[in-house]
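The structure displayed is predicted, hence computed values, not measured ones.
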Amino acid sequence: YHLVEAAIGGHPAARDAVGIMEMRMGNQDRAMKHFTIAATLGHDGAMDSLRMGHALGGVRKEDVDIALGAYQAAVDATKSPQRDIAEKYLAEFAALG
(Lines give C-alpha, C1' and ligand atoms only; values in the text may rest on other atoms or scores of the structure.)
Protein backbone atom coordinates (compact mmCIF):
# COMPACT_ATOMS: atom_id res chain seq x y z
CA TYR A 1 0.00 0.00 0.00
CA HIS A 2 2.65 2.53 1.02
CA LEU A 3 4.85 1.69 -1.94
CA VAL A 4 2.00 2.36 -4.36
CA GLU A 5 1.21 5.62 -2.56
CA ALA A 6 4.85 6.70 -2.86
CA ALA A 7 4.84 5.80 -6.56
CA ILE A 8 1.68 7.84 -7.10
CA GLY A 9 3.33 10.67 -5.20
CA GLY A 10 6.20 10.79 -7.69
CA HIS A 11 8.96 8.80 -5.97
CA PRO A 12 11.02 7.27 -8.82
CA ALA A 13 12.41 4.32 -6.84
CA ALA A 14 8.94 3.42 -5.61
CA ARG A 15 7.62 3.60 -9.18
CA ASP A 16 10.42 1.28 -10.30
CA ALA A 17 9.64 -1.13 -7.44
CA VAL A 18 5.97 -1.21 -8.41
CA GLY A 19 7.08 -2.00 -11.97
CA ILE A 20 9.13 -4.92 -10.66
CA MET A 21 6.12 -6.16 -8.69
CA GLU A 22 3.96 -5.94 -11.80
CA MET A 23 6.54 -7.95 -13.77
CA ARG A 24 6.54 -10.67 -11.11
CA MET A 25 2.73 -10.81 -11.30
CA GLY A 26 2.94 -11.24 -15.07
CA ASN A 27 1.65 -7.78 -16.00
CA GLN A 28 4.37 -6.81 -18.46
CA ASP A 29 2.49 -3.90 -20.05
CA ARG A 30 1.74 -2.30 -16.69
CA ALA A 31 5.33 -2.88 -15.56
CA MET A 32 6.72 -1.15 -18.64
CA LYS A 33 4.44 1.84 -18.00
CA HIS A 34 5.78 2.10 -14.46
CA PHE A 35 9.36 1.78 -15.72
CA THR A 36 8.71 4.48 -18.31
CA ILE A 37 7.40 6.90 -15.68
CA ALA A 38 10.31 6.16 -13.33
CA ALA A 39 12.82 6.60 -16.15
CA THR A 40 11.34 9.98 -17.08
CA LEU A 41 11.93 10.96 -13.44
CA GLY A 42 15.62 10.04 -13.80
CA HIS A 43 15.74 6.55 -12.28
CA ASP A 44 18.71 4.55 -13.68
CA GLY A 45 17.30 1.10 -12.93
CA ALA A 46 14.02 1.86 -14.66
CA MET A 47 15.88 2.97 -17.78
CA ASP A 48 17.80 -0.30 -17.70
CA SER A 49 14.53 -2.22 -17.33
CA LEU A 50 13.11 -0.46 -20.38
CA ARG A 51 16.19 -1.34 -22.41
CA MET A 52 15.86 -4.94 -21.30
CA GLY A 53 12.17 -4.88 -22.19
CA HIS A 54 13.10 -3.67 -25.66
CA ALA A 55 15.72 -6.39 -26.04
CA LEU A 56 13.09 -8.98 -25.12
CA GLY A 57 10.60 -7.50 -27.58
CA GLY A 58 8.16 -6.03 -25.06
CA VAL A 59 8.93 -2.35 -25.66
CA ARG A 60 9.14 -0.47 -28.93
CA LYS A 61 12.39 1.31 -29.81
CA GLU A 62 10.48 4.59 -30.19
CA ASP A 63 9.18 4.31 -26.61
CA VAL A 64 12.69 3.67 -25.29
CA ASP A 65 14.00 6.67 -27.22
CA ILE A 66 11.27 8.94 -25.82
CA ALA A 67 11.93 7.72 -22.29
CA LEU A 68 15.68 8.16 -22.79
CA GLY A 69 15.22 11.78 -23.81
CA ALA A 70 13.10 12.49 -20.75
CA TYR A 71 15.56 10.56 -18.56
CA GLN A 72 18.47 12.68 -19.83
CA ALA A 73 16.48 15.87 -19.20
CA ALA A 74 15.73 14.78 -15.63
CA VAL A 75 19.35 13.89 -14.95
CA ASP A 76 20.56 17.17 -16.45
CA ALA A 77 18.09 19.10 -14.29
CA THR A 78 19.71 17.71 -11.16
CA LYS A 79 23.20 18.86 -12.08
CA SER A 80 24.62 21.91 -10.34
CA PRO A 81 28.02 23.30 -9.34
CA GLN A 82 27.22 22.47 -5.70
CA ARG A 83 26.59 18.83 -6.55
CA ASP A 84 29.83 18.67 -8.53
CA ILE A 85 31.76 20.00 -5.53
CA ALA A 86 30.02 17.52 -3.22
CA GLU A 87 30.80 14.60 -5.52
CA LYS A 88 34.46 15.64 -5.69
CA TYR A 89 34.60 15.95 -1.89
CA LEU A 90 33.01 12.52 -1.38
CA ALA A 91 35.39 10.92 -3.88
CA GLU A 92 38.39 12.43 -2.09
CA PHE A 93 37.01 11.34 1.27
CA ALA A 94 36.45 7.77 0.01
CA ALA A 95 40.00 7.65 -1.33
CA LEU A 96 41.34 8.37 2.17
CA GLY A 97 40.30 5.14 3.53
Open item on the list: Using a 6.0 Å cut-off, check whether atom CG of Asp76 has over 12 heavy atoms from anything other than its own residue.
Closed with: yes

Task: Considering all heavy atoms, the nearest Gly19-Ala31 contact - done: O-CB, 3.2 Å

TODO: Could you identify which residues cluster with Ile8, counting Ile, Leu, Val, Met, Phe, Trp and Tyr as linked when any side-chain heavy atoms lie under 4.5 Å apart, either directly or through a chain of such contacts?
DONE: Leu3, Val4, Val18, Met21

- [ ] Specify the closest pair of heavy atoms between Ala38 and Ala46, including all atoms of both residues, with the distance to one decimal.
- [x] CB-CB, 3.5 Å

Ignoring hydrogens and angles, write down the donor-acceptor pairs under 3.5 Å from the side chains of residues 90-97, residues two or more places apart or on other chains.
none

Open item on the list: How long is the straight-line distance from NZ of Lys33 back to CG of Asp63, given to the nearest 0.5 Å?
Closed with: 10.5 Å

Open item on the list: Does this structure show an ion pair linking Asp65 with Lys61, if we count only N-O contacts that are shorter than 4.0 Å?
Closed with: yes

- [ ] Find out whether Arg51 and Leu68 are in side-chain contact, i.e. whether some heavy atom of one side chain is under 4.5 Å from a heavy atom of the other.
- [x] yes

- [ ] Is it possible for you to say whether Met52 and Ile20 belong to one hydrophobic cluster, with membership spreading through side-chain heavy-atom contacts below 4.5 Å?
- [x] no

- [ ] Quick one: pull up NE2 in His34 and OG in Ser49 and give me the separation to the nearest 0.5 Å.
- [x] 12.5 Å

- [ ] Identify the residue among Val64, Leu41, Asp44 that makes a side chain to side chain contact (heavy atoms under 4.5 Å, CB included) with Tyr71.
- [x] Asp44

Open item on the list: Using the rule that Ile, Leu, Val, Met, Phe, Trp and Tyr join whenever any side-chain heavy atoms are under 4.5 Å apart, tell me whether Met23 and Val59 fall into a single cluster.
Closed with: yes

Task: Pairs touching residues 2-23 that satisfy salt bridge (Lys or Arg N to Asp or Glu O under 4.0 Å), sequence neighbours left out - done: Glu22-Arg30

TODO: Could you tell me the separation between the NE2 atom of His43 and the CZ atom of Phe35, rounded to the nearest 0.5 Å?
DONE: 9.5 Å

Task: Approximate separation, where rounding is to 0.5 Å, of Leu50 CG and Arg60 CZ - done: 12.5 Å

- [ ] Measure the spacing between CD of Gln82 and CG of Asp84 and express it to the nearest 0.5 Å.
- [x] 9.0 Å

